[in-house]
Structures are given as structure tokens and as C-alpha cells.
Amino acid sequence: MSRFANPSPYGTHRVIEPRGVLPQAAWKIDNTMEPAANEILIDVRTLNIDSASFTQIKQEVGAEPAAIAAKVLDIVRQRGKMHNPVTGSGGMLIGSVRTVGAALRGRIDLTPGDRIATLVSLSLTPLQIERIKTVHVERDQIDIDGRAILFETGLYAKLPADIPETTALAILDVAGAPAQTARLVHAGDTVVVIGGGGKSGTLCVYEAKKRAGPTGCVIGVSPFAADCERMRALGWADHALQVDARDALALMRSVAELTGGRLADVTINCVNIANTEMGSILATREGGRIYFFSMATSFTAAALGAEGVGKDVEMIVGNGYARGHAEHALNLLRESPALRRLFEELYA
Ligand SMILES: NC(=O)c1ccc[n+]([C@@H]2O[C@H](COP(=O)([O-])OP(=O)(O)OC[C@H]3O[C@@H](n4cnc5c(N)ncnc54)[C@H](OP(=O)(O)O)[C@@H]3O)[C@@H](O)[C@H]2O)c1
């Protein structure tokens, strides 16, 4: 008999404080690894820490693996989940199914031993870390011995056989970004991808070029020369702008120069740092659309900032989920050998 009577499909039975909220909003959740009848218990192999969170932790404690490991252990010990208290973001994990709760058996396509990636945030996932094995500072991933719980409504993807596990983990972490880009970008559009040299940014640049086509124009933005060179070499960005997105006026001027003053029809924000809302707004034309995928986005800064400069733009919160997003993202690697090579070099 499980300690959880009448477990909720959303996991509210595990909320410790404050009472009455959902697990993502909770400060602390119950991470005892005794699954309720409607939960899935996972043996965790690797955590993929959300880039905004990992960047913030490095800024706070430095880039030494031992310091990062100590910080992650401390957060999980306090909160029962890897929920960064500063950025509010999480990440996701890969592992193997250990137990499928009795109430789910036969209702879902999982059996013990299946290798899966969770597609819900670590910021709501009960997690216990027994041991941190390796901190991969260069790719925001941490190998652990540990266990996690997936709630009844938790999304997951079975890991594909044809793509290395850690590459799939990296791609699935940001799978919502290219899927939303596919919805937003139309033939002939001018698209600005801020943070276009990063993980989600690269996928968005690729997807945007596919959708905007030869009559469209895709502009990748990064403050770093190496990122810009790589964007140019990959060939999906029509232009790579070396600008710091925190310098809103510089970004606007550069985009205006490239577009004859028209600015972007669609701007996709994929950065891992704060204070890029105004750059996104000023780089976008009146009536254009901005997709804030970045978890470092401030809703207040975006809303009041747009109002403050009298810009009527549609701003979209970066919902990390879009139906079919996992398969969509993995298929991008299958269709583009160049994309696959790049991601395997960086994350395999
Ligand atoms: N909405 C969701 O569900 C969801 C899911 C996962 C991730 N995210 C968020 O999406 C964002 C991107 O994630 P990711 O994994 O793609 O991160 P990433 O690979 O670290 O990419 C971020 C990129 O932004 C660049 N950048 C840094 N400072 C910049 C600046 N001042 N101007 C322009 N570009 C700058 C980074 O360059 P360097 O790396 O060279 O510094 C990097 O290339 C993060 O905020 C992450 O938290 C959201």
C-alpha cells in the first residue's frame, strides 16, 4: 500500500509547501522514491540542466565541477527537485523505467527497462541524487546515480535507437523551440534568432530557413565571433550578426541596416542570459511576432518594455511543449547530416 492515498494525476499529493499549489510552483516537494499507483519510478542516468539555470549556477559558484555538483545537491536537498530558485527553471533527464505504477500498467506504452527522456521540467520532478558521477560543464549535463518520479500527466519520449543518448537528451531539452518556429515562420519572412549560435538557436535557425525559404531572410545573432563564424559556415543563416542582444539599440540598428529598415517579421529569443527583452522588441517590426523561448525572459520587462516604446507586437511565452515536438526535433537530425554532425560533436 503506497503512502499516497488518492494520488493526483498532476502530482499535487507530493507538494509539501506551500500547500495547495501544483508541483512546479511548490517550494518543496516530497521526493521519497516510493511511487504512488499512478507514478513511474525512473533510474536516472543523466540530468540536462536548463541552460539559463546552468549559466546562473556557474555565475554564482564558478565553473569548477565540484562547486556545481555541491550547488545542485544543495538545491535538490532543499526542494526535492532540481528547481533553480533564481531562474525558476529546471531541465530534463534520461534514465530507465524501474517501475510502472499499478494504475498505469496496460494504459501506457512503458515497461520496466525502457530507456526514456522525461519531457516535463526538472522543476516539478521529484528527484533523489545518490551520487554525482560527472559534471559535463561544456554541455550542461550531469551524470548521476539517482531516481526520479514521473507523474501520470508527465510527458516522456522513448529514447531512439539511432541517435546517441546524450545527443537525444540535448535535443529533447529544447524540442519545443524548432516546433514553435515551424508554426510561426512563413515563406518570405524575415526571422531574427537571438542566441542563434546555441543549442536551441541552431535548431531554430535551421527550421526558420526551411520555412522562410529562398525569398525569406534568416538572421542569427550572437555576441561571439566563433558562434557567428559557425552560423555562416553552416549556411542556414543568411546573415550572422555579431551583436550583444543586451544592447537593444545596437541590435535594432544592425537588423534595420540588414533589412532596409523593415525589421523582423518574427523574432525568436534563445539566449541563456537576462535583459534581452528590449533588443527582441526593437528588432521586430510593428505587428510582428516574438517568441521568448529563453527562460531568462522577464514577462514584466517584455510587457512594459513594449508598451514603453509604443510597439504593437505579439509576444509569445515559450511553452516548451508543442504536440509532436520530440519526434519533430529528432527528425531534424535525421534529415540533416550537417546538423547531426554538429550535435554529435557537441553532445555525444
Ligand atoms: N521554453 C522552454 O521550455 C525551454 C526549454 C529548454 C531551454 N529553455 C531556455 O532556452 C534558452 C536557450 O537554451 P539553450 O539550451 O539553447 O542554450 P545555449 O545552448 O546555452 O544557447 C544560448 C545562446 O545564447 C548566447 N548568448 C549569450 N549571451 C548572449 C548575448 N548577450 N546576446 C546574444 N546571444 C547570447 C550563448 O552564447 P555562449 O554559449 O557562447 O555564451 C548561446 O549561444 C535558455 O534560456 C533556456 O533556459 C527554454
Side-chain angles (χ1 to χ4, degrees), residues 24 47-59 63 82-84 86-93 117-124 136-141 155 166-167 169-181 192-207 219-231 234 237 240-248 250-252 254-255 267-280 283 290-299 316-322 325-326 329 342-343 346-347:
Q24 208 281 334
L47 304 175
N48 191 103
I49 307 295
D50 168 78
S51 179
S53 170
F54 204 74
T55 303
Q56 185 280 324
I57 290 172
K58 283 190 291 188
Q59 281 163 358
M82 183 46 215
H83 188 175
N84 184 314
V86 180
T87 62
S89 56
M92 31 90 72
L93 61 84
T118 57
L119 299 178
V120 287
S121 175
L122 289 178
S123 65
L124 59 86
H136 300 280
V137 179
E138 68 299 344
R139 56 174 204 244
D140 307 354
Q141 293 183 353
L155 302 164
T166 49
T167 306
L169 176 62
I171 291 280
L172 292 172
D173 176 41
V174 294
Q180 302 283 3
T181 302
V192 167
V193 182
I194 304 179
K199 187 166 65 172
S200 56
T202 302
L203 294 172
C204 290
V205 165
Y206 175 84
E207 184 73 54
I219 302 168
V221 177
S222 169
F224 306 105
D227 278 356
C228 290
E229 273 159 33
R230 191 168 65 201
M231 279 191 263
L234 286 167
L241 275 184
Q242 191 179 344
V243 182
D244 185 332
R246 288 170 297 190
D247 188 341
L251 182 56
M252 178 188 72
S254 306
V255 173
T267 295
I268 298 166
N269 186 316
C270 291
V271 300
N272 52 4
I273 44 123
N275 300 320
T276 62
E277 296 82 1
M278 281 318 293
S280 308
I290 307 172
Y291 178 59
F292 284 109
F293 186 68
S294 166
M295 282 292 146
T297 305
S298 155
F299 173 77
I316 301 158
V317 174
N319 181 353
Y321 174 63
H325 67 332
L342 175 71
F343 272 79
L346 296 175
Y347 300 104

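None of these values were measured; they are calculated from a predicted model. Note that ligands are numbered from 1 as they come in the structure, with each ligand's atoms numbered from 1 the same way.
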Completion exercise
In short, Cys270 meets Cys204 closest at the heavy-atom pair SG-SG, 3.9 Å

What's the separation between atom [atom1] in [X] and atom [atom2] in [Y], rounded to the nearest 0.5 Å?
| X | Y | atom1 | atom2 | value |
| --- | --- | --- | --- | --- |
| Asp50 | Asn84 | CG | CG | 8.5 Å |
| Ser53 | Asn272 | OG | CG | 11.0 Å |
| Ser121 | Met295 | OG | CE | 7.5 Å |

Specify the protein heavy atom at minimum distance from [atom]: its residue, its atom name, and the distance to 0.1 Å.
| atom | value |
| --- | --- |
| atom 48 (C) of ligand 1 | Phe293 O, 3.1 Å |
| atom 28 (N) of ligand 1 | Ile273 CG1, 3.5 Å |
| atom 15 (O) of ligand 1 | Lys199 CE, 3.2 Å |
| atom 26 (N) of ligand 1 | Asn272 OD1, 3.9 Å |
| atom 31 (N) of ligand 1 | Asp244 OD1, 2.7 Å |
| atom 1 (N) of ligand 1 | Gly318 O, 2.7 Å |
| atom 6 (C) of ligand 1 | Asp173 O, 3.3 Å |
| atom 34 (N) of ligand 1 | Pro223 CD, 3.3 Å |

Report yes if some heavy atom in the side chain of [X] is under 4.5 Å from a heavy atom in the side chain of [Y]; otherwise report no.
| X | Y | value |
| --- | --- | --- |
| Lys58 | Val137 | yes |
| Leu342 | Arg230 | yes |
| Gln141 | Asp173 | no |
| Ile194 | Leu251 | yes |

Which residue from [options] reaches closest to [atom] through any of its heavy atoms?
| atom | options | result |
| --- | --- | --- |
| atom 22 (C) of ligand 1 | Ser294, Ser51, Cys270, Gly195 | Cys270 |
| atom 43 (O) of ligand 1 | Gly198, Ala52, Gly320, Ser89 | Gly198 |
| atom 40 (O) of ligand 1 | Phe224, Tyr291, Tyr321 | Phe224 |

Practice task
Taking only heavy atoms of Met295 into account, list the atoms of ligand 1 that are under 4.0 Å away from them.
Solution key: 1 (N), 2 (C), 3 (O), 4 (C), 8 (N), 9 (C), 45 (O), 47 (O), 48 (C)

Donor-acceptor pair, distance only, cut-off 3.5 Å: does the side chain of [X] make one with the backbone of [Y]?
| X | Y | value |
| --- | --- | --- |
| Gln180 | Tyr291 | no |
| His83 | Gly88 | yes |
| Thr267 | Ile290 | no |

Problem - 4.0 Å heavy-atom contact, Gly197 with ligand 1 - result: yes

Practice task
Could you tell me whether Asp227 approaches ligand 1 through its side chain, its backbone, both or neither, with non-hydrogen atoms closer than 4.0 Å?
Solution key: side chain

Exercise for the section: Please work out whether any backbone atom (N, CA, C, O) or any side-chain heavy atom from C-beta onward of Val271 is under 4.0 Å from ligand 1, and answer side chain, backbone, both or neither. Expected result: both

Tell me whether [X] has any N or O atom under 3.5 angstrom from an N or O of ligand 1.
| X | answer |
| --- | --- |
| Asp50 | yes |
| Gly201 | no |
| Val174 | no |

